[in-house]
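I am attaching a structure below and will ask some questions about it afterwards.
The first residue in the sequence is number 1, and the count goes up from there.
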Amino acid sequence: MQFDSISDFFNMGGYAFYVWLSYGVTLVCFGLLIIFSKVKKKQLFKHINQKIQREQLLKARRSNKQ
């Protein structure tokens, strides 16, 4: 589709509301996906580090008993 002016482009042939709404919803979903992924990654690394520390502590206690 070819547009004669920038206002025709933003109007999208009368379907501007639906077109720009779909772009907006998509961008919001991608943004939330990125944010939630980063938060989940941080929680996962924290959990892994806690497990490693707990295993090291148990290993140290076992070696002290023997």
- K46 vs Q50 side-chain heavy atoms within contact, under 4.5 Å: yes
- Query: Do I6 and V19 sit in the same hydrophobic cluster, where Ile, Leu, Val, Met, Phe, Trp and Tyr count as joined when their side-chain heavy atoms come under 4.5 Å apart?
  - Reply: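 Yes; tracing contacts between hydrophobic side chains, which count when under 4.5 Å, links both residues.
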- Task: Spell out, yes or no, whether F45 and I34 are grouped together once hydrophobic residues are joined by side-chain heavy atoms under 4.5 Å, including indirect joins.
- Result: no
- Item | hydrophobic_cluster_shared for F3 and Y23, side chain cutoff 4.5 Å |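 Y23 and F3: one cluster.
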- Message: Could you go through K38 and K41, starting from their C-alpha distance and side-chain angles, then the distance that decides it, and tell me whether this counts as side-chain contact (heavy atoms from CB on, under 4.5 Å)?
- Response: CA-CA 5 Å; K38 286 184 178 186; K41 179 182 174 183; 5.6 Å; no
- Task: Supply the atom-to-atom distance Q56 CD to K51 NZ, rounded to the nearest 0.5 angstrom.
- Result: 14.0 Å
- Item | side-chain contact (heavy atoms from CB on, under 4.5 Å) evaluation trace for F17 with M12 | CA-CA 9 Å; F17 176 75; M12 291 284 172; over 6 Å; no
- Measure the CG-CZ distance between L57 and R62 for me, rounded to the nearest 0.5 Å.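 Taking CG in L57 and CZ in R62, the distance rounds to 10.0 Å.
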- Transitive ILVMFWY cluster of F36, excluding itself - 4.5 Å side-chain cut-off: V28, L32
- Message: Main chain of F10, side chain of W20: is a donor-acceptor contact present, judged purely on distance under 3.5 Å?
- Response: yes
- Message: Under the rule for side-chain hydrogen bond (donor to acceptor under 3.5 Å, both in side chains), what residues qualify as partners of S7, not counting sequence neighbours?
- Response: S5
- Item | Interatomic distance, S22 atom OG to L27 atom CG [nearest 0.5 angstrom] | 9.5 Å
- Query: Partners of T26 by side-chain hydrogen bond (donor to acceptor under 3.5 Å, both in side chains), sequence neighbours excluded?
  - Reply: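 side-chain hydrogen bond (donor to acceptor under 3.5 Å, both in side chains) check on T26 returns nothing, list empty.
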